A.B. asks: 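My questions all concern the structure below.
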Amino acid sequence: MKIKDIKVFVCCPGRNFVTVKIITDDGLYGIGDATLNGRELAVVAYLEEHVIPCLIGRDAHQIEDIWQYLYKGAYWQNGAVSIAAIAAIDVALWDIKGKVANLPVYQLLGGKSRRAVTVYAHVNGETIEEVLKGLEVAIKEGYKVVRLQCTIPGTEGTYGTLGDKKNYYELQGNRPLPPEHGWSTLKYLNFIPELFKRAREKFGYDIELCHDVHSRLTPIETVQLGKMLEPYRLKFLEDAVTYENTDGYKVIRNQTSIPLALGEKFNTIWDAKPLIENQIIDFVRTAVTHGGGLTPLKKLADFALLYHVRMAPHGAPDLSPVCFMAHMHLDLWAPNFGVQEFVGFGTPELNEIFSYDAKLKDGEIYIEDSPGLGVDFNEEAAKKYPYKRSYLPVTRLEDGTLWSW
Ligand code: GCO
Ligand code: MG
């Protein structure tokens, strides 16, 4: 079964998505997600110029060899742009293999380890009261795990909350240049423990809670935050510190018992290796699209299992439904699955383009047993929503210093 053609599509049903379609000589096709938020066309160029010409005529069944060929064979192994391109090819090939076998992809990974995928919902608000109202709704809807984010009084554009776009806080569309947000660590640390205190006072400890710091703190500031949040027993604190210097995480780990999650920007297993083997994190958040596909994510899960680290894949709205479905298969299989981030099934425009067999019930997602990934892409509908240049925001401290967004 040879690769006959590979097409790349960019569409913007509210935000940009890059989708890959691999077509084989016997008429089958598979779909992959290559979306890299704010850098979409770099991935398109990488695919069209440097990947696709090398793959035409290759055996579509050789997923592992094709992965190694695109990774090791390029000499330049990692990097967000190249990894997103490799991931899309890899996932599309798994989709094809599932269709040939007439089995859902989770069966090819080793079968189901659980009935469904437990997800965590996002609850965001401008005030603590607003967040608590949202949490009440989420609990009523059956969610068992919820991420809480709240606007920090006196700062502009807090991560996770953006005024009228609360549930799609990173919704793109019209950002021809990166918007700028403000940040004050002092104001944040003075405010955020109150959010979790009030949530526990009102709803008790049966609901699991988590929080994303979005890499704004230093290690010792995270120790302070961790100690303040310890009484509220979070499921995890995500991305407290930028991940480049993993030694910083040792400082945190040695001084607070707050569980730590990291990895949505990891491109390879090597990024996660020191944090996992030294048992410094509890959840690894690498996404299929940004971590190179299902082939390396399976290896990552197996490696993490040895160290009691659980999988909690990134599930932000900039990962397309193709990545979402790839996560569903990975999460159903992984014996060390923890929880899946979930922001809802998307806008009507998005669902005109992507179709996928998934249902939410009591905070768990069930998928149909369709062969492959169970996702499809409507090329004609995608044409109605052409690419729009758009950026993620950047953040500055109150004195103007550029900070991590
Ligand atoms: C999350 C993430 C996202 C990212 C976004 C960047 O935990 O969901 O931090 O909100 O900011 O995916 O493109
Ligand atoms: Mg995050």
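All figures in this text were calculated on a predicted structure; none of them were measured in a lab.
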A.B. asks: Before giving the answer on side-chain hydrogen bond (donor to acceptor under 3.5 Å, both in side chains), spell out for Thr268 and Asn78 the whole-Å C-alpha distance, their side-chain angles and the decisive distance to 0.1 Å.
C.D. replies: CA-CA 7 Å; Thr268 74; Asn78 54 5; 5.2 Å; no
A.B. asks: For a side-chain hydrogen bond (donor to acceptor under 3.5 Å, both in side chains) check, start with the C-alpha distance between Thr256 and Glu230, then their side-chain angles and the critical distance, and finish with the verdict.
C.D. replies: CA-CA 8 Å; Thr256 166; Glu230 272 173 20; 2.7 Å; yes
A.B. asks: Please determine whether side chain to side chain contact (heavy atoms under 4.5 Å, CB included) holds for the pair Arg285 and Lys265, giving the CA-CA distance in whole Å, both sets of side-chain angles, and the decisive distance to 0.1 Å.
C.D. replies: CA-CA 8 Å; Arg285 303 229 333 112; Lys265 291 199 276 181; over 6 Å; no
A.B. asks: Atom CG of Leu275 and atom CG of Leu262: how far apart are they, to the nearest 0.5 Å?
C.D. replies: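 One gets 6.0 Å once the value is rounded to the nearest 0.5 Å.
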A.B. asks: Could you give all pairs that pass the ring pair (Phe, Tyr, Trp, His ring centres under 6.0 Å) test and reach residues 246-274, with sequence neighbours left out?
C.D. replies: Tyr243-Phe266
A.B. asks: Please check if atom NZ in Lys133 has more than 12 non-hydrogen atoms from other residues, nucleotides or ligands closer than 6.0 Å.
C.D. replies: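 No, NZ of Lys133 has 12 or fewer neighbouring heavy atoms, counting only those of other groups under 6.0 Å.
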A.B. asks: Counting C-beta onward and ignoring hydrogens, is there a side-chain heavy-atom pair between Val20 and Lys7 closer than 4.5 Å?
C.D. replies: no
A.B. asks: Kindly indicate whether a cation-pi arrangement holds for Arg233 with Phe196, taking the cut-offs as under 6.0 Å to the six-membered ring centre and within 45° of the axis.
C.D. replies: no
A.B. asks: Can you measure from CG (Asp25) to CG (Asp59) and round to the nearest 0.5 angstrom?
C.D. replies: 9.0 Å
A.B. asks: Between Tyr205 and Arg200, is there a cation-pi geometry (under 6.0 Å to ring centre, at most 45° from the normal)?
C.D. replies: yes
A.B. asks: So does Lys197 have more than 12 non-hydrogen atoms from other groups sitting under 6.0 Å from NZ?
C.D. replies: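 Open: at most 12 neighbouring heavy atoms sit under 6.0 Å from NZ of Lys197.
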A.B. asks: Between Lys299 and Asp302, does the salt bridge (Lys or Arg N to Asp or Glu O under 4.0 Å) criterion hold? Intermediate values first, please.
C.D. replies: CA-CA 5 Å; Lys299 295 183 175 96; Asp302 284 332; over 6 Å; no
A.B. asks: Out of curiosity, Cys150 SG to Glu129 CD, how far, rounded to the nearest 0.5 Å?
C.D. replies: 8.5 Å
A.B. asks: Evaluate the criterion salt bridge (Lys or Arg N to Asp or Glu O under 4.0 Å) for residue pair Glu208 and Arg147; output intermediate values, then yes/no.
C.D. replies: CA-CA 9 Å; Glu208 294 197 273; Arg147 182 186 102 158; over 6 Å; no
A.B. asks: Could you walk me through whether Asp318 and Thr35 satisfy the side-chain hydrogen bond (donor to acceptor under 3.5 Å, both in side chains) test, starting with their C-alpha distance in whole Å, then the side-chain angles of each, then the deciding distance to 0.1 Å, before giving a yes or no?
C.D. replies: CA-CA 7 Å; Asp318 53 305; Thr35 307; over 6 Å; no
A.B. asks: Per the side chain to side chain contact (heavy atoms under 4.5 Å, CB included) rule, which among Thr118, Val123, Val119, Val137 passes with Tyr143?
C.D. replies: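 In the set Thr118, Val123, Val119, Val137, the residue that makes a side chain to side chain contact (heavy atoms under 4.5 Å, CB included) with Tyr143 is Val119.
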A.B. asks: Assert yes or no for the condition that the ring centre distance of Phe283 to Phe337 is strictly below 6.0 Å.
C.D. replies: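 Centroid distance Phe283-Phe337: not below 6.0 Å, so no.
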A.B. asks: From Tyr71 OH over to Ser82 OG, what is the distance, rounded to the nearest 0.5 angstrom?
C.D. replies: 8.5 Å
A.B. asks: Can Asp376 and Ser355 be said to form a side-chain hydrogen bond (donor to acceptor under 3.5 Å, both in side chains), step by step?
C.D. replies: CA-CA 5 Å; Asp376 213 345; Ser355 47; 5.1 Å; no
A.B. asks: Please say whether the positively charged group of Lys4, taken as NZ for Lys or CZ for Arg, lies over the ring of Tyr29, i.e. under 6.0 angstrom from the six-membered ring centre and within 45 degrees of the axis.
C.D. replies: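 No, cation not above the ring by the 6.0 Å, 45° rule.
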A.B. asks: Suppose the criterion is ring pair (Phe, Tyr, Trp, His ring centres under 6.0 Å): which pairs have a residue in residues 9-28, not counting sequence neighbours?
C.D. replies: Phe9-Phe377, Phe17-Phe354
A.B. asks: Looking at Trp405, Tyr188, Trp403, which hits ring-ring contact (aromatic ring centres under 6.0 Å, His included) with Tyr159?
C.D. replies: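 That would be Trp405.
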A.B. asks: Between Lys383 and Glu379, does the salt bridge (Lys or Arg N to Asp or Glu O under 4.0 Å) criterion hold? Intermediate values first, please.
C.D. replies: CA-CA 7 Å; Lys383 284 184 192 153; Glu379 294 178 35; over 6 Å; no
A.B. asks: Would the number of heavy atoms belonging to other residues, nucleotides or ligands and lying under 6.0 Å from CD of Glu194 be above 12?
C.D. replies: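 Check passes, neighbour count above 12.
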A.B. asks: Indicate yes or no: at least one non-hydrogen side-chain atom of Val309 is less than 4.5 angstrom from one of Gln279.
C.D. replies: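 A side-chain contact under 4.5 Å is absent here.
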A.B. asks: Is atom CG of Asp206 surrounded by more than 12 heavy atoms (other residues, nucleotides or ligands) closer than 6.0 Å?
C.D. replies: no
A.B. asks: Which heavy-atom pair separates Glu40 from Asn16 by the least distance, and what is that distance?
C.D. replies: OE2-CB, 3.5 Å
A.B. asks: Flag yes if more than 12 heavy atoms outside Lys72 fall under 6.0 Å of its NZ atom; otherwise flag no.
C.D. replies: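 Not buried by this count: 12 neighbours or fewer within 6.0 Å.
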A.B. asks: Whether the side chain of His329 engages the backbone of Leu373 through a donor-acceptor N/O pair (distance < 3.5 Å, no angle test) should be reported.
C.D. replies: yes
A.B. asks: Determine whether more than 12 heavy atoms belonging to other residues, nucleotides or ligands lie under 6.0 Å from atom NZ of Lys99.
C.D. replies: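 Yes - once you tally the heavy atoms of other residues, nucleotides and ligands closer than 6.0 Å, there are more than 12.
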A.B. asks: Measure from NZ or CZ of Arg216 to the centre of the six-membered ring of Trp183 and say whether it is under 6.0 Å with the direction within 45° of the ring axis.
C.D. replies: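 So Arg216 does make the cation-pi contact.
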A.B. asks: Are Glu364 and Lys361 packed together at the side-chain level, in the sense that at least one heavy-atom pair is separated by less than 4.5 angstrom?
C.D. replies: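 Side-chain contact under 4.5 Å: no.
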A.B. asks: About how many Å separate CG of Leu237 and CG of Asp282, when rounded to the nearest 0.5 Å?
C.D. replies: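 Rounded to the nearest 0.5 Å, the CG-CG separation comes out at 10.5 Å.
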A.B. asks: Please list, chain by chain and in numerical order, all residues satisfying side-chain contact (heavy atoms from CB on, under 4.5 Å) with Lys384, sequence neighbours excluded.
C.D. replies: Glu352
